[in-house]
Engineer: 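I am attaching a structure below and will ask some questions about it afterwards.
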Protein chains: 2
Amino acid sequence: MKAKYITIIDIARQLNISKSTVSRALTGHPNVNEQTRKAVLELAASQEYQRNSLALGFSRHKTHTVGILVPEFMSTYFPSVIVGAQTVLQEAGYNVVICQQNESYETEVANIKLLLSYRVDGIIVSHTKETRNFDHFTLAQRIGIPLVFFNRIPEDMNVPGVVVNDYEAAFQAVEHLIKIGRKCIAHLAGPESLVNSRLRRQGYIDALKKYNIPYNPDLVLSYDLTMEKVKIYMKHFLDLATPPDALFAINDPTAIAAMEVVKAAGLRIPEDIAIVGFSNDFSAELVYPGLTTMAQPTSDIGRTAANMLLQEMHAKVMNDYSIKKAPTVTLPTKLIIRDSTVKKEQPSLVKKRKGRI
Amino acid sequence: MKAKYITIIDIARQLNISKSTVSRALTGHPNVNEQTRKAVLELAASQEYQRNSLALGFSRHKTHTVGILVPEFMSTYFPSVIVGAQTVLQEAGYNVVICQQNESYETEVANIKLLLSYRVDGIIVSHTKETRNFDHFTLAQRIGIPLVFFNRIPEDMNVPGVVVNDYEAAFQAVEHLIKIGRKCIAHLAGPESLVNSRLRRQGYIDALKKYNIPYNPDLVLSYDLTMEKVKIYMKHFLDLATPPDALFAINDPTAIAAMEVVKAAGLRIPEDIAIVGFSNDFSAELVYPGLTTMAQPTSDIGRTAANMLLQEMHAKVMNDYSIKKAPTVTLPTKLIIRDSTVKKEQPSLVKKRKGRI
DNA sequence: CAATAAAATGGGAACGTTCCCACGAGAAAA
DNA sequence: TTTTCTCGTGGGAACGTTCCCATTTTATTG
């Protein structure tokens, strides 16, 4: 089974002109007679000519395609970053292909190699939580393919990236809990391997310090972001002699899973335990009670990363980040307060229905 | 700024052998001396050789890449279908690139052309809700690129596809509402242009018929799946002289948005209005009350579509669906009953906390 | 030791496109 | 008229790989 595509040579033959002229006509080159161009375009359209981008990229050493690599896309975070990036890139005339790793390091390496082998012009990436070895990224850099990271940025690489102010965000989240009177605040932290996790944890610690609340390491558990663990850890917190009266969770799914445990234990949110998440996932608004969370400007993150990548790709000379500092943009987060920390009065649930018994 | 890649010719030159031999060594061809192969592989590794897939696909007319086209991926449905498909395809040695259309017809056409121009070996697709003209798909077929549809399948094209039993699913969903005693069931339907919408609507109508409940067209509103509309339409339902005591929504986001309206109106779910959604999105479990919904086997849908595509791609001769019937696989759905239709007793919320005042 | 078979290698075409260079025809300038 | 310029066109190289065919080397057999 073999696909049959029309080529510019087919068109040239039919019109009795050279492939050069056909090429010029199709690419909009000025030096071509208007009648010739018209004839070529018409024939190309009627024969459904599809340019062969393989041949083009191969010959021109530019594919006008960028790859976006994300660790997963079941939460709303990554999809909406992608949509933001895609908008900018498509406007700039670039094609976008997306690869997702299922949080697997091997897939990540394979996908980087895949993109390199397809000679993409640039890559936007957030690495998996498993990634400890960054050789596949430095490889891309060595070859000269611009890379822009977001969300998760390898520490010991000097690469352009877009992040949010994780430290301040965590600080504010915890400060919010303190200001509503909580004194015993637990933290479900992310894996130590991720910078964001460590920054958020530090923000947590420093917020406690600022308000003279002693930091109790027993109230902090790092975990690997698999949902089963949350339930175990949260239960552990509830079983402490002095259980916490608030929880700051590394992200919204964690917070939501924790809420399940709390509710199942018959405790009230926020009265017994107030909960704050991170990212403002779509579901944060939907859960009961609504989840207070630090919103990330996902679309902006994507757009910013895309613009940075465009700049890198258009640079005359490859930016050599072994000698100069790579640009990093930090975007602001915003605390969204919902019922999981501060309860609004409910509309009366017993209001009479109209027109019915 | 130009990327520099090592080529097999570079390697050949350094080892003083021909590019043919290098090619053979790298591709695992039998006719090559073991020592030569070892030398080639070592040099390739140390110089970080990256095969040029453009050249390869260009020369071989096979890219071993398939494209997946989805209308959007903010809900969990499409991402998890993709993950399912990706698993199968990667196991079969195919690369996967994902394109998302933001529900835009123009983007869809552009992306199909993009994939064709990159000479992908096959395409898995669910079209946008805007798509009325399917020329870009028939184009792919004419050229000889296998296509497999899922979820949304163009009616007047005879193409392989994977769907769920939308009609029966809708029937069962409505039957469930009837069995819990509801008599006045509204339906927020999807756009008429989508087959699924029409099938689900018919399932709704026929379920009513079976139980001798008169079908009232005023209780059915088709809409374009934009969230603002839901609120308007739902409010309209509530304002009817005889407002409905149940709602069957075309999908979960619709159902959830409707729940917001119901709750804001001070009505109780499910006592005043029972609600059923469709798809069992991640959020269906998280909302309050939990949303009863027809679960779709998303991962299976993806895996099935991928397997069908593999079969198409491996067919010796292109299947000509202008003369024979294209295979369609229908997968089963499953009703997930949650509190939005049948309330479980709640754990007491006033249970005493231990170890605390 | 010659004859033959098998294994390993080299040479070159092919894939579709762009781009550079050359060339002819006609127009404009000398 | 001759020279110069511009416009439109054609020819061919280049891109990196595979694959087919030819050739050389090595091993095996009579």
Side-chain angles (χ1 to χ4, degrees), chain A residues 2-41 43-44 47-65 113 116-121 143-144, chain B residues 2-41 43-44 47-65 113 116-121 143-144:
Chain A
K2 189 178 159 180
K4 50 176 196 310
Y5 286 95
I6 299 291
T7 73
I8 55 168
I9 297 184
D10 297 330
I11 296 179
R13 211 171 283 143
Q14 291 176 66
L15 291 177
N16 236 332
I17 54 178
S18 74
K19 61 182 163 54
S20 309
T21 305
V22 176
S23 168
R24 273 188 288 261
L26 289 172
T27 51
H29 192 94
N31 276 3
V32 62
N33 186 297
E34 263 321 304
Q35 273 151 32
T36 316
R37 160 166 291 137
K38 209 170 141 233
V40 170
L41 291 181
L43 194 62
Q47 310 234 330
E48 297 174 331
Y49 166 76
Q50 302 298 319
R51 108 183 307 158
N52 185 333
S53 296
L54 293 174
L56 194 162
F58 171 52
S59 141
R60 295 284 297 112
H61 292 278
K62 279 271 159 267
T63 52
H64 272 273
T65 302
K113 299 247 164 118
L116 291 182
S117 85
Y118 274 100
R119 301 296 191 261
V120 294
D121 294 346
I143 286 172
Chain B
K2 188 177 160 182
K4 52 176 195 309
Y5 286 94
I6 299 290
T7 74
I8 56 168
I9 297 184
D10 297 330
I11 295 179
R13 212 170 283 142
Q14 290 177 65
L15 291 176
N16 234 332
I17 55 179
S18 75
K19 61 183 162 51
S20 310
T21 306
V22 176
S23 168
R24 273 188 289 260
L26 288 172
T27 52
H29 192 94
N31 276 2
V32 64
N33 186 296
E34 263 321 304
Q35 273 149 32
T36 315
R37 161 165 292 140
K38 212 172 137 230
V40 169
L41 291 181
L43 194 62
Q47 310 234 328
E48 297 175 328
Y49 167 77
Q50 302 297 319
R51 107 178 315 152
N52 185 331
S53 295
L54 293 173
L56 193 162
F58 170 51
S59 139
R60 296 284 297 111
H61 292 278
K62 279 274 158 263
T63 53
H64 272 274
T65 302
K113 299 245 164 120
L116 290 182
S117 85
Y118 275 101
R119 301 299 192 257
V120 293
D121 294 346
I143 287 173

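In what follows, chains are A, B, ... by sequence order, proteins preceding strands, each numbered from 1.
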Engineer: From C-beta outward on A:Ile17, which listed nucleotide comes closest to its side chain: D:dG16, D:dG10, D:dT18?
Structural biologist: D:dG10

Engineer: Nearest of C:dG16, D:dC15, C:dG10 to any side-chain atom of A:His61?
Structural biologist: D:dC15

Engineer: Under 3.5 Å, is there an N or O donor on one side and an acceptor on the other linking the side chain of B:Arg24 and the base of C:dG10?
Structural biologist: yes

Engineer: Could you pull out the closest heavy-atom pair between B:Leu54 and A:Phe58, with the gap in Å?
Structural biologist: CD1-N, 3.8 Å

Engineer: Let me know the distance between CG of B:Leu56 and P of C:dC15, rounded to the nearest Å.
Structural biologist: 16 Å

Engineer: Nearest-nucleotide wise, let me know which of B:Asn33 and B:Arg119 is further upstream toward the 5' end of DNA chain C.
Structural biologist: B:Asn33

Engineer: Is it the case that D:dG8 (base atoms only) and A:Arg37 (side chain only) share a donor and an acceptor within less than 3.5 Å, ignoring hydrogens and angles?
Structural biologist: no

Engineer: With a 4.5 Å cut-off on side-chain heavy atoms, are A:Asp121 and A:Thr65 touching?
Structural biologist: no

Engineer: Take atom CD1 of A:Ile9 and atom P of D:dG10, then tell me their distance rounded to the nearest Å.
Structural biologist: 14 Å

Engineer: Rounded off to whole Å, could you give me the NZ-to-P distance for the A:Lys19 and C:dC20 pair?
Structural biologist: 14 Å

Engineer: NA contact type, B:Leu54, heavy-atom cut-off 4.0 Å: base, sugar-phosphate, or nothing?
Structural biologist: nothing

Engineer: B:Asn31 or B:Arg60: which one's nearest nucleotide on DNA chain C is closer to the 5' end?
Structural biologist: B:Asn31

Engineer: Side chain of A:Ser59, base of C:dT17: donor and acceptor closer than 3.5 Å?
Structural biologist: yes

Engineer: Could you give the CD-to-P distance, from B:Gln35 to D:dT26, as a whole number of Å?
Structural biologist: 12 Å

Engineer: Any side-chain N or O of A:Ser18 less than 4.0 Å from the OP1 or OP2 oxygen of D:dG11?
Structural biologist: no

Engineer: Rounded to the nearest Å, what distance is computed from the OH atom of residue A:Tyr118 to the C1' atom of nucleotide D:dG16?
Structural biologist: 14 Å

Engineer: Base, sugar-phosphate alone, or nothing: which one does A:Arg51 contact when heavy atoms must sit under 4.0 Å apart?
Structural biologist: sugar-phosphate

Engineer: Considering every strand and a 4.0 Å limit on heavy-atom distances, what is the contact class for B:Ser23: base, sugar-phosphate, or nothing?
Structural biologist: base

Engineer: Mind calculating the distance between NE2 (A:His64) and P (C:dT18) to the nearest angstrom?
Structural biologist: 12 Å

Engineer: Has the side chain of B:Ser20 got a donor or acceptor that lies under 3.5 Å from a partner of the other kind on the base of C:dG12?
Structural biologist: yes

Engineer: Please state how far atom CD in A:Glu34 lies from atom P in D:dT9, giving the value in whole angstrom units.
Structural biologist: 10 Å

Engineer: What is the distance, rounded to the nearest whole Å, between atom CG of B:Asn16 and atom C1' of C:dG10?
Structural biologist: 12 Å

